[in-house]
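On a predicted model such as this, the values are computed, not experimentally measured, just so you know. When a ligand or atom number is given, it counts from 1 through the structure's own listing order. Position 1 is the first residue of the sequence, and the numbers go up from there.
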Amino acid sequence: MMGKRGLFVLLLAGFLLFLTQCSSGEKRVGIFLYNGEDPFVRGLNEEMLSQFNRTIYRPEVFDALNSQVVQNEQIEHILENPVDLAIINPVDRLGAHAIIRKFRDENIPVIFFNRQPLERDLDLWDSCFYVGATAEQAGQMQARMIMHLFGDDPDRLNGYDRNGDGVIQGIIIRGEQSHQDSEIRTREVRDTLSRNGFSFELLTSVIANWNRKEAYDKMDEVLNLHGDILEVIFSNNDEMALGAIERLIEKGFFRDSNGNGRIDRQDGDWIPVVGIDGLPEAVRAIGAGTLYGTVINDSTSQAGAIVDLTGAILSGREPEDSPDDLEKGKYIWTDYYPLVSE
Ligand code: BGC
């Protein structure tokens with residue numbers, strides 16, 4: 001018997017199907033999103049939908065609303081009427097183990113994206129792949145932006161070292177704890193600063209689960225405790241950076257204190273905040289002078305790699321025939337790009 005929740009999931013799936021059924025293609029491709037409300041994932045999904053040739057492919061999108069239970073039900077449902085290939089953004093990356101076994105039993109190839117399964121799980125089967133960006137690069141680029149802003153010389157920091165103690169005081173706003181990107185980006189920010197001789201004092205790190213509202217809320221306490229000595233905010237993504245900026249503005253930061261008609265780095269209460277993703281709103285915030293910089297998480301290339309790989313697999317060619325480099329027969333990586341205000 002189908003429970004209320006199951007019915008809800010199917011109704012939702014039906015709704016999303018309605019959204020994508022303008023395709024006439026024969027090849028059915030299931031796209032499973034961990035959470036369609038996540039702006040980065042939503043943008044990536046839109047990219048995929050725009051890149052799939054609808055005369056060949058029929059993409060069907062399922063939104064798990066951030067629940068692995070819902071995603072499992074959606075997968076069970078799709079296995080009753082199997083698609084030709086599944087593109088999966090798992091809610092819990094450890095959940096990939098069970099997912100791979102299910103698709104392997106039905107011989108349906110799987111491409112994971114954005115939330116990286118463990119290597120040993122991907123090794124369970126030849127026909128499962130991962131498309132993503134190298135999180136190390138993102139953390140390194142954020143650190144480089146800040147080293148540059150502070151004058152590129154660890155022994156002689158410039159005026160952005162507000163208290164002149166030769167140490168950069170900052171905080172890190174982190175994404176979900178179990179997500180590879182939060183762990184690696186955070187680690188690389190700190191390692192890159194120290195590898196280059198910069199002293200960094202981490203005043204605190206807060207977890208805001210990629211979410212703007214959570215970052216906004218958590219900034220209250222951070223600013224009460226450290227607002228006076230804070231010199232930089234590293235955020236694991238743009239959404240949380242934007243939440244932090246909203247709070248900073250309410251607390252009196254980012255005013256046009258020198259009266260030159262705009263908010264910029266010359267204003268006394270300006271503080272560098274750096275994000276990751278390159279969301280349109282973040283790019284606008286860079287233009288407005290609040291966000292110092294972001295690192296573009298190239299969703300166009302990731303979507304392109306997924307679409308190309310799908311094409312190679314479903315046309316009976318070898319996955320290696322896809323135009324993108326396939327590392328270890330499994331992984332396609334895209335590069336990040338820094339973007340800072342002038
Ligand atoms: C993005 C975040 C996003 C997360 C979702 C990360 O790669 O940078 O913005 O929320 O993926 O899994």
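A salt bridge does not link Asp267 to Arg262: none of the charged nitrogens lies less than 4.0 Å from a carboxylate oxygen. Under 4.0 Å is where a charged nitrogen must lie from a carboxylate oxygen, and between Glu119 and Lys330 no such pair does. A salt bridge does not link Asp84 to Arg28: none of the charged side-chain nitrogens sits closer than 4.0 Å to a carboxylate oxygen. Arg42 and Asp38 are not joined by a salt bridge, as no carboxylate oxygen comes within less than 4.0 angstrom of a charged side-chain nitrogen.
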Identify the protein atoms, limited to N or O, that lie within less than 3.5 Å of an N or O atom of ligand 1, and list each pair with its distance to 0.1 Å.
{"from": "ligand 1", "atom 1": "7 (O)", "to": "Asn114", "atom 2": "ND2", "distance (Å)": "3.2"}
{"from": "ligand 1", "atom 1": "7 (O)", "to": "Asp181", "atom 2": "OD2", "distance (Å)": "2.6"}
{"from": "ligand 1", "atom 1": "7 (O)", "to": "Arg185", "atom 2": "NH2", "distance (Å)": "3.3"}
{"from": "ligand 1", "atom 1": "8 (O)", "to": "Arg185", "atom 2": "NH1", "distance (Å)": "3.0"}
{"from": "ligand 1", "atom 1": "8 (O)", "to": "Arg185", "atom 2": "NH2", "distance (Å)": "3.3"}
{"from": "ligand 1", "atom 1": "8 (O)", "to": "Asp277", "atom 2": "OD1", "distance (Å)": "2.7"}
{"from": "ligand 1", "atom 1": "8 (O)", "to": "Asp277", "atom 2": "OD2", "distance (Å)": "3.3"}
{"from": "ligand 1", "atom 1": "9 (O)", "to": "Asn237", "atom 2": "ND2", "distance (Å)": "2.9"}
{"from": "ligand 1", "atom 1": "9 (O)", "to": "Asp277", "atom 2": "OD2", "distance (Å)": "2.5"}
{"from": "ligand 1", "atom 1": "10 (O)", "to": "Asp38", "atom 2": "OD1", "distance (Å)": "3.4"}
{"from": "ligand 1", "atom 1": "10 (O)", "to": "Asp38", "atom 2": "OD2", "distance (Å)": "2.5"}
{"from": "ligand 1", "atom 1": "11 (O)", "to": "Asn114", "atom 2": "ND2", "distance (Å)": "2.9"}
{"from": "ligand 1", "atom 1": "12 (O)", "to": "Asn114", "atom 2": "OD1", "distance (Å)": "2.6"}
{"from": "ligand 1", "atom 1": "12 (O)", "to": "Arg115", "atom 2": "NH1", "distance (Å)": "2.8"}
{"from": "ligand 1", "atom 1": "12 (O)", "to": "His179", "atom 2": "NE2", "distance (Å)": "2.9"}

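Remark: Arg115 qualifies as a cation-pi partner of Tyr34 under the 6.0 Å distance and 45° angle criteria applied to the six-membered ring.
Minimum interatomic distance between Trp210 and Asn237 (heavy atoms only, all atoms of both residues): O-ND2, 3.3 Å.
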